[in-house]
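Convention: sequence-line order gives letters A, B, ...; per-chain numbering from 1.
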There are 4 protein chains.
Amino acid sequence: MMDKGDSAGRRSTSSTSGAKRPSERPGQPGGRRDTNRRERTKALSDAALALFLERGIEAVTIEDITSKAGVAKGSFYRYFDDKQALVEALFAPVATQVIAAFDESIAKLKAARSRAAAFASYEAIGEALGAVILHHGDVVLLYLQECRAPAEGARAPARLLADVVAEKAIEHTRLAREHGLLRAFPAEVSTLTVIGAAERILFSVLNGDFKGEPLEVPGQLITLIFDGLRAPDLRKPEG
Amino acid sequence: MMDKGDSAGRRSTSSTSGAKRPSERPGQPGGRRDTNRRERTKALSDAALALFLERGIEAVTIEDITSKAGVAKGSFYRYFDDKQALVEALFAPVATQVIAAFDESIAKLKAARSRAAAFASYEAIGEALGAVILHHGDVVLLYLQECRAPAEGARAPARLLADVVAEKAIEHTRLAREHGLLRAFPAEVSTLTVIGAAERILFSVLNGDFKGEPLEVPGQLITLIFDGLRAPDLRKPEG
Amino acid sequence: MMDKGDSAGRRSTSSTSGAKRPSERPGQPGGRRDTNRRERTKALSDAALALFLERGIEAVTIEDITSKAGVAKGSFYRYFDDKQALVEALFAPVATQVIAAFDESIAKLKAARSRAAAFASYEAIGEALGAVILHHGDVVLLYLQECRAPAEGARAPARLLADVVAEKAIEHTRLAREHGLLRAFPAEVSTLTVIGAAERILFSVLNGDFKGEPLEVPGQLITLIFDGLRAPDLRKPEG
Amino acid sequence: MMDKGDSAGRRSTSSTSGAKRPSERPGQPGGRRDTNRRERTKALSDAALALFLERGIEAVTIEDITSKAGVAKGSFYRYFDDKQALVEALFAPVATQVIAAFDESIAKLKAARSRAAAFASYEAIGEALGAVILHHGDVVLLYLQECRAPAEGARAPARLLADVVAEKAIEHTRLAREHGLLRAFPAEVSTLTVIGAAERILFSVLNGDFKGEPLEVPGQLITLIFDGLRAPDLRKPEG
DNA sequence: TATGAATGAGACTTCATTCAT
DNA sequence: AATGAATGAAGTCTCATTCAT
């Protein structure tokens with residue numbers, strides 16, 4: 001009755017959240033109806049997330065989701081337009097926070113007048129991203145799992161986020177270098193190196209494949225990367 | 001949009017290539033029939049590869065492939081059992097060469113009696129992987145695109161290869177460290193760092209997203225990574 | 001034209017009816033939804049039965065059935081798992097009643113202490129089978145039409161029922177003979193004779209091929225079977 | 001490219017044999033080419049017969065047949081027009097002999113001037129049918145298996161033969177009664193009784209289901225049919 | 001609102017038949 | 001003549017989406 005195939009980008013005008021808001025909904029926010037609505041949305045999102053991680057976004061059907069969430073199939077459409085909308089809703093908080101973290105850090109870097117101030121922006125973004133990973137580990141894992149897919153269909157949000165992140169991260173690096181925090185190195189290469197390394201390890205950790213001690217990874221990664229990337233005059237003497 | 005009756009791992013007994021070979025075929029090898037067969041297989045593989053890159057493996061239908069390849073739908077099944085078999089056939093040469101490269105390099109490392117000999121094994125594997133990237137760029141890109149997906153359905157081969165590569169690479173790193181080529185660092189972390197960084201940049205390059213000069217990337221990456229990873233006594237004085 | 005992935009006996013665990021019942025359905029029994037469900041199931045069964053009789057089970061497609069029943073193709077699968085399940089559902093009431101008739105008659109025979117009592121069991125089973133034929137003539141015809149087919153695919157239920165019936169009938173005969181109702185004759189031969197004769201005539205009658213007066217057949221058949229065909233003056237004296 | 005569905009009756013003009021004879025074939029009858037041709041035809045027929053018995057005519061594909069016969073798929077069509085033609089060819093000798101047996105017996109009956117002569121016609125037909133069963137057991141089994149199917153598609157020949165046999169047998173009975181060989185009984189009922197009984201037992205015997213001693217069956221059957229099943233002490237005096 | 005039944009497009013796969021080799 | 005590759009119609013089954021209850 002309706003076409004299955006979605007074309008990428010159709011959602012350029014939709015709100016960030018991807019959640020469906022009936023134009024007129026009864027009950028005031030916080031009331032009984034609103035609470036029910038939140039609960040249903042959460043049940044659907046949770047079920048979907050678990051299934052997406054298990055089988056990949058494409059392979060999961062609407063019925064899989066509703067049945068796992070314990071709702072009727074038709075109810076899905078009261079909460080989300082379709083699978084892509086759900087994926088967008090899933091990614092929304094993460095995307096918002098990650099993008100905000102970069103934007104703020106970029107702003108700080110631009111405003112920084114000292115190397116110390118510039119360095120602080122790194123600490124800030126690290127903290128912000130750490131918090132995201134901590135509170136939205138599953139969504140981050142889903143992102144890592146799907147972010148290289150072509151921006152088509154329900155997986156589009158993952159890829160689009162990845163592209164935005166890369167772009168902002170590169171700008172961030174450029175600014176950091178201008179502040180003398182990094183060696184004179186092409187920003188694109190060094191940024192992708194850091195992103196690639198961090199994401200790969202994070203993937204293993206969130207995955208359960210990682211054999212080492214996760215809590216030590218950030219420090220190790222920083223040592224590893226920064227010993228290579230750090231500007232000469234910041235290099236610590238070995239030993 | 002979804003693959004129907006696939007379960008991961010069902011292909012454990014199939015040959016490496018994934019291609020379908022009638023046990024006895026008429027016409028001698030090199031004859032007309034044989035040539036036709038090769039041409040068809042190639043046409044299907046090429047069409048499939050292009051579509052997979054464009055839309056992702058899951059979103060491409062058999063009919064998309066045959067129609068792009070200019071053959072009848074039913075003909076697909078003379079050459080491949082199903083989409084997963086085609087994907088396996090696509091990955092087979094790359095998987096073979098990559099795995100062989102690691103295995104050989106690992107063997108060399110084990111046999112190495114000097115640091116120079118050990119270092120040579122790195123050059124060898126670099127060359128081998130470079131050759132694979134050069135000759136099978138599209139397949140490598142497909143791998144990068146799909147290799148984090150759960151090992152379900154047609155995309156399974158990508159993920160399975162990724163897991164094997166990670167495992168072998170970690171062993172490789174462990175050996176390299178035993179030969180004093182690398183700093184005393186957890187092998188898992190440093191390996192995933194290198195893989196993650198290299199794959200992320202490669203993805204951008206093969207993708208067309210990369211803005212810099214691709215030919216300079218390997219050198220840059222080595223500098224970047226090795227300046228961080230290199231054992232202290234190999235560290236060159238900055239300047 | 002051919003059934004695809006069926007293997008005989010796959011349904012050993014399914015319920016007797018073969019009908020698909022969602023575990024929890026909305027609407028109380030007897031409500032609108034329940035009524036609709038019954039109507040649909042009936043429409044599909046009726047359409048299928050008519051087509052099966054016309055063309056044979058194997059030659060009828062799901063689409064033939066749904067289109068004749070006036071429902072969408074996909075709806076079929078809400079009511080039956082596949083064609084074989086529908087066939088099972090079609091046969092279920094007949095199979096149940098026939099088997100029950102035999103079991104009861106066998107039980108009566110076992111308990112019978114007089115020849116009169118034993119004879120009554122014959123009357124009982126005759127009546128029961130007559131009722132089945134009267135109320136489920138078309139299903140019985142379908143049974144007669146398909147019951148010699150190998151127990152493969154959608155036709156399996158017919159053959160399996162036939163085998164059960166033969167077995168029970170033979171036991172029945174054996175008991176009847178022990179009560180002195182029948183000549184000392186191998187039970188298998190005499191049973192198959194009666195079944196074969198009865199089924200063949202029934203087939204003609206239900207078919208419309210039969211030229212005679214159907215209502216007289218049962219009596220004629222009994223006379224014939226019990227007294228034989230020999231013309232009076234050729235009758236050998238009993239030894 | 002061509003339609004699959006056959007419509008019943010399309011073969012009304014074809015020759016009895018169903019075998020394909022190229023209008024101009026090289027080699028004289030009995031020569032090398034003719035011998036090869038016979039061998040191939042036999043291989044195909046044998047393979048088909050075995051598969052038909054195992055799975056039913058409808059479920060067997062052309063490729064199943066050729067592959068079991070050890071010939072190429074395309075070769076099938078050099079020997080038979082399609083599956084139905086093969087089935088016709090399979091039944092042809094049996095049909096011919098059975099029909100001839102009835103026709104001859106009917107002719108004899110018509111010419112018979114004594115009851116002894118009339119009785120001899122029964123012996124003749126019994127012998128003829130026995131010979132057919134002996135030499136073409138598998139084909140007879142296939143006939144029994146498929147002869148109640150609607151006369152559609154490849155199974156049509158079985159059903160058509162069944163209808164002819166019934167018709168001729170009824171005429172035969174009518175004549176026999178006129179000669180005083182049988183009781184005054186509706187010919188249709190008594191004929192179908194005999195056919196039904198005989199076929200049912202034969203089916204069990206050829207099938208392998210029969211537990212008794214096959215060689216004794218004909219005699220038992222004759223006794224049974226002619227003398228009836230009634231136990232001696234219940235026998236009503238003939239009125 | 002919630003439910004799950006209905007719809008029909010469309011994906012996968014098979015197979016009779018034709019045809020180049 | 002024999003082979004088996006090619007074709008595409010047709011069949012099975014799934015699933016996103018809509019809609020009556």
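The nearest whole Å value for the distance from the CD atom in Q84(D) to the C1' atom in dA16(E) is 14 Å. What separates CZ of F76(A) from C1' of dC15(F) is a distance of 13 Å, to the nearest Å. Atom pair R78(D):CZ and dT18(E):P shows a separation of 12 Å (rounding to whole Å applied). Rounded to a whole Å, the OH atom of Y79(C) is 18 Å from the P atom of dC13(F). In this structure, CZ of R40(D) is placed 9 Å from C1' of dA1(F), rounded to the nearest angstrom. With rounding to whole Å, R37(B) atom CZ is found 15 Å from dT21(E) atom C1'. Following rounding to the nearest Å, R55(D) (CZ) and dT14(E) (C1') show an atom-to-atom distance of 14 Å. Counting to the nearest Å, the P atom of dT18(E) and the CD atom of E63(D) are 16 Å from each other.
The distance from atom CG of L44(D) to atom CG of L49(D), rounded to the nearest 0.5 Å, is 12.5 Å. Rounded to the nearest 0.5 angstrom, R78(B) CZ and T41(B) OG1 are separated by 11.5 Å. Considering CG of L142(A) and CG of L51(A), their distance stands at 11.0 Å, rounded to 0.5 Å. The line from CD of E58(D) to CZ of R155(C) is 7.0 Å long, rounded to the nearest 0.5 Å.
The two atoms that bring G56(C) and V60(C) nearest to each other are O-CG2, 3.4 Å, heavy atoms only.
When atom types are taken as modelled, the side chain of K83(C) and the backbone of G153(C) share no donor-acceptor pair closer than 3.5 angstrom.
Each of V60(B) and G74(A) was assigned the nucleotide of DNA chain E with the nearest heavy atom; the assignment lying further toward the 5' end belongs to G74(A).
Listed nucleotides: dC12(E), dA2(E), dA16(E). Nearest to the side chain of T61(B): dC12(E). Comparing dA6(F), dA2(F), dT13(E) by their nearest atom to the side chain of Y77(B) picks out dT13(E). Comparing atom distances between the V71(B) side chain and each of dT7(F), dT13(E), dT7(E) picks out dT7(F) as nearest. Distance from the side chain of A72(B) is smallest to dT7(F) among dT7(F), dT13(E), dT3(F).
If you check residues 42-53 of chain A against DNA chain F, you find no residue with a heavy atom closer than 4.0 Å.
You'll find the side chain of E39(C) reaches within 4.5 Å of the side chain of N36(C), heavy atoms only. Looking at heavy atoms from C-beta onward, E54(A) lies out of side-chain contact with P150(B) at the 4.5 angstrom threshold. Considering only heavy atoms from C-beta on, L86(A) stays 4.5 Å or farther from Y79(A) through its side chain.
For dA5(F), neither phosphate oxygen OP1 nor OP2 lies less than 4.0 angstrom from any side-chain nitrogen or oxygen of S75(B).
For K73(A) and dT17(F), a side-chain-to-base donor-acceptor distance below 3.5 Å is present, hydrogens and geometry of angles not being considered.
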Contacts table for residues 62-71 of chain B: side-chain donor-acceptor under 3.5 angstrom, sequence neighbours left out:
from   : atom 1 : to     : atom 2 : distance (Å)
D64(B) : OD1    : T61(B) : OG1    : 3.4
D64(B) : OD2    : R55(B) : NH1    : 3.0
D64(B) : OD2    : T61(B) : N      : 3.0
D64(B) : OD2    : T61(B) : OG1    : 3.2
T66(B) : OG1    : I62(B) : O      : 3.2
T66(B) : OG1    : E63(B) : O      : 3.2

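Helical stems involving DNA chain E, defined as 3 or more consecutive Watson-Crick or G-U pairs under 3.5 Å, span E:2-21 with F:2-21.
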